[in-house]
Every structure is written in structure tokens, then in C-alpha cells.
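In what follows, a single structure is set out as C-alpha cells and then discussed.
Side chains are part of it too, since the values below use all heavy atoms of this structure and drop only hydrogens, waters and symmetry mates. Below, chain A is the first sequence line, B the second, and so on; all start at residue 1.
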Protein chains: 2
Amino acid sequence: MAELGYRPDPAARSLAERRTRTVGVVLDDLANPWYVDLLAGLRSVLHERGLRPLLADGHIEPDAVHAMAGLRVEGLLIVGTPSDDTVTQVRDVAPSVPVVIAGTREPRLPSIDGVANDDEAGARMATRHLLDLGHERIAHIIGVGAVGRIRCATFDATMSAGHGVATTVAGDWTEATGHRVAWQLLDRPDRPTAIFAANDLSAVGVLAAADELGLRVPEDLSVVGYDNTVFSRLRRLSLTTVDAHIDEVGRGAGRLLLEQIEDADGSPKAQVVTRLLEPTLVARGSTGPVGTL
Amino acid sequence: MAELGYRPDPAARSLAERRTRTVGVVLDDLANPWYVDLLAGLRSVLHERGLRPLLADGHIEPDAVHAMAGLRVEGLLIVGTPSDDTVTQVRDVAPSVPVVIAGTREPRLPSIDGVANDDEAGARMATRHLLDLGHERIAHIIGVGAVGRIRCATFDATMSAGHGVATTVAGDWTEATGHRVAWQLLDRPDRPTAIFAANDLSAVGVLAAADELGLRVPEDLSVVGYDNTVFSRLRRLSLTTVDAHIDEVGRGAGRLLLEQIEDADGSPKAQVVTRLLEPTLVARGSTGPVGTL
DNA sequence: CTGAAAGCGCTTACAG
DNA sequence: CTGAAAGCGCTTACAG
């Protein structure tokens, strides 16, 4: 019995204990490096309680939520903006399995608890940073979905309060679109002296457009992103950005999910909780005082 | 019985069938975007056979291999250069569970089947590309481990054959070190006119050093990376690189593992197989003809 | 071909 | 406090 190396068979154990010690994590898109730190934070919290995360990509596996429910996960964490399929399936399973959504604001799932960064605070910091550097004509490249709308609305409000001249243009979080719309914004005489892009990848597209137009960064153009991804840290990009402290978001979401799992047979869920974490501005080389012309 | 939405309990099923339909995937470092395409390829192959991957990060979970063996995975895939801990544990479990190693050459595990890209072919392509552009003084930033050694040896051999002047300097796959050693290479009169870095991230560090030294890319300096990661595709980096077709590596590794799982009770493993896939050169904006001075 | 029984390897409540 | 039995929800070999 006490022989070394014995490990109980987990299938037999799950069956006898009537629990799987597994939590499903449905990601928006594994290719986005944004998630990695969130997963690290989540994993550490789950590990303390003997739970393991089971990962699935909502794009590669369109029925991921149903699949995980079929696997009898004890809880479900949705990370990033979910697809329509994912939203529909979450509504199906939410009555029977605890669900938390992390890293995004999701009006389509109003009854689900969530943890995210405070996008209003972050967008305000980014915009103020540019206003404080003396910029007056500032453009914003909008992201898709609820997060994009919040960042854009806050940009507009902060610009109004700071008596700046705001321009906004639709983007889609990608570098390619950031690059394309930056050309539209910059290739004209009354161009903005600064651009705040709704995420780092869009901002990296702006940097490329600036190069092609012969605009120096930050002398002729300041650029701010959002997320503090690995891209923004590359020396040749050196992008000023907003750090959403995504590892803390992962930890908070993990704790919220653990609470729900442990209260599952107790009181019938007090009320919906959406916890917002305070982001931080990370000033790098892509922003500077407005040019003296 | 035929009610909609019935799914057999997987724990009970595993116990009765005596198989878990799960394959363990141990990654070197989840933060490296390199893996994502490999996982997509692997997942598609496993899915056809009703198997699911279970992911673990060898850095975050140092006993990942033993943990997966404890979970009764039917096979184990090691992705990228394994840590010493991982190598030791693989030696423990290899007699009882099929193991395949993907994306790297691993002399410490000589009895394990593997799939990787042909690093000799790739390094030769990268070096020849620079020689063909007229470069004579070319430096190489070396990577760590067996893969790094193979790429470096091939660089040296190709340079000799092409009558070039080769310099090599130790790196560690990171952008920070790439940046630091690029300064050493470039901040002197007899600087090389081209640098081949063992991976994209090191090459991106070289681009930053070139900027700081006032060297234009590609007019004053050509730069080549390796891996065709998301970094190399960013327009502001536009890095010429070697595409290792990592999704194909993932698919090949998945197929090899499936063969081993299905032959497990049959013939006693014919011989060790290491399959090498042919890489491709992707020419972008970071390389050009040697400057006419 | 159909259907009841045995067994997968554990945990846990219960009898001694 | 210890130890044998029941039961977790399936699959599969076997008896009818």
C-alpha cells in the first residue's frame, strides 16, 4: 500500500467523490498573448484548492462551453469577449454550473459575475497623459464591443473636459486595421499630434503608418496603446500603454469562481458582482511633449 | 433515455473503458507565442480520434510530467526544449506511457520519437539569403541548447562554403540579450553588414540596437530571425525570418503519438523516429542588398 | 439479438 | 477506532 509512487486513479476518485476537481476555461483566442498572464494568476488560485484548469479556445472549438459542461467541470471561466455561440451556451449552462467572466465587460450576460480592469479609469489616464503633454488634436482608434465603447466614451468625455479636439475612428483591435486607419488620420495637414489606440496591437499599426509617412515618434506624433502586452515592451516599439494588471484579474476571477463553487449548495447567490481593478499608465518612448512646430 | 442533452459521465466512462481519452501536453513556456500554432495543429489531429489535450506549463508546474502520468493520460507530448526536471520525469514515465517530443532536438532523450523542423536547412537558407544579397561580414547570435548549436554550426559551415567572414556571439533567445550583443557587434568600424539571429525575438533586439546606433535597416544592416512568429509580421518590424511550419510540426507530432498509443499493446516499438520538416524562408523588409557604401 | 450482472478503482457511511 | 460493504455511473462480456 505504502509503496512509493502510488497515485489514486482520478477517474475512480471522481466517480466516488462526485466531483471532478476541474474548472473549464474558455478563451476568446489563444493566439492573443494577453491571456497568458491571466492564466498564470488563475492557475495559482485554483491550485491552492486542488482544482485544475481545462483550457479550450472558443474559436477553434465552437461548442466549448457545452463540451466542458459535458465533462462535468465544477465551474466555468469565460476569458475575454465571448463569441455569440459562447454567450448562448453560457445562458444554457449557467443555472447548473457556476460561471465567472474575466477581462471584459459583457452586457449580454448581465447575470454573470465578472472581474475586469476599470476601462474608464484606464482610458482617462491615457487621454490625460496626452493632454498633459500639451497635445490638443488627439485621435482615438476604437475597439469592438462593450470594452471598446467604454474606452471611446471616456476618451470623448476626457477630451471635452480638457478642451481638446477629439477625432474617433472605428478599428477592430488588429494591427492591420490600426495601420490602415492611421493613414487616413495622419495623411492630411490638420492631422492629430497624438493617437490613443484602444489596444496595443492597433497602436503598433499606427507606429508603422507613422514610419511610412515620415513622421517621427514621439517628436511628430505621440502614440498610446492599452494592455501592456509583450509587444509594447519590445524596444523598437517602446509603446506607452495602460497596464490592466491582467494577472490580478485572473486571480480575482479565480477567487470569485471558488466562492461560487463553495456556496453552490448554500445561499442562492446574493447578487451579481462585477469587480473592477485599477489600471496603471506605463509611459515609454512613444509619447512626448507636443512638437513646437 | 433518448432525452435531449444526455451526456455520459466521463469519469464513469473512463473507469469502465479503462482509458481517459486524454493526452498530456507539457509546454516549455506558455508565454512564447511560438506554441500556439503547434497546439492548433495538434488539437485537430487528436480531435479526430476523440482525444483531448491537457495543457501544462513545465515552468509553472515543475512536476507536470508526473502530474499528467498520475492523471492517466494515454500519451505525452513534450513541446519545446524541456527543463532538466522534465527530462528526468520523462525518463521515469517513458517505459509505461507513449511520449513524443515536438519542435526541438533533444539529445538528452535519445530514445524518444520526435518531430521538428530541419534546423540545418533553415539556418542554411537564412545564411545563403544574406550571402546572395552580397553580404560578406555576417554575424550570428546563437541560441541555447541543441537547436541553437545546430543553427550555429550550419551558419559557420555555410559561411565557410560561401567565403564569408563569420562572427558568432552567444545569446539566449531573448530580446534583451539580442539587443545587448548587437551593440557589441555593431558599435565598431569593422561591423558586420548583416546579422542572422537564432530566433525572431533576438532579431527584434538587434533592430532596436540598430535604431539606437543610427543604422538604417536594411540599407546599413540586414537582419534575419527564425520562427516566423507574430513579432516578425508586425509592419514596424517586418522581419525576414525562417518559417518552421510549426502547425505541421504539431500535426506530425500528434500523428506520431497516436501511432504509438495504438501500437502500445502490439509490437515493441520498431525504432526511434525523428521526423524533420522542411522550413521556408520568408523575405520581408529587414533584409536587402549590401550597401554600396 | 436482448437484458441482467459483473466489474472498473476509488470513497464514505455504516456495522461491528 | 477498525474493517467490510455499498455505491459512484458507466461498459462489456456473458447468460438466456
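The partner of dA13(C) is absent, by the rule that a Watson-Crick or G-U pair needs both atom distances under 3.5 Å. Of the nucleotides present, none pairs with dA4(D) by Watson-Crick or G-U wobble criteria with both distances under 3.5 Å.
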Polar-atom pairs under 3.5 Å, protein N or O versus N or O of nucleotides 9-13 of chain C: list them with distances, or write none.
residue, atom, partner, partner atom, Å
dG9(C), N2, A12(A), O, 3.3
dC10(C), OP1, Y6(A), OH, 3.2
dC10(C), OP1, D9(A), N, 3.4
dC10(C), OP2, Y6(A), OH, 3.4
dC10(C), O5', Y6(A), OH, 3.3
dC10(C), O5', D9(A), N, 3.2
dT11(C), OP1, R13(A), NE, 3.2

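Although no hydrogens or angles enter the test, the distance criterion places a donor-acceptor pair under 3.5 Å between the side chain of S14(B) and the main chain of P10(B).
We find the CD-CD distance between E74(A) and E262(A) to be 10.0 Å, quoted to the nearest 0.5 Å. Atom NE2 of H245(A) is separated from atom CG of D243(A) by 4.5 Å, given to the nearest 0.5 angstrom.
Paired with T241(A) under the rule side chain to side chain donor-acceptor pair (under 3.5 Å), one option of D200(A), N199(A), D227(A) passes, and it is D200(A).
Within a 6.0 Å radius of CZ in R19(A), other residues, nucleotides and ligands contribute more than 12 heavy atoms.
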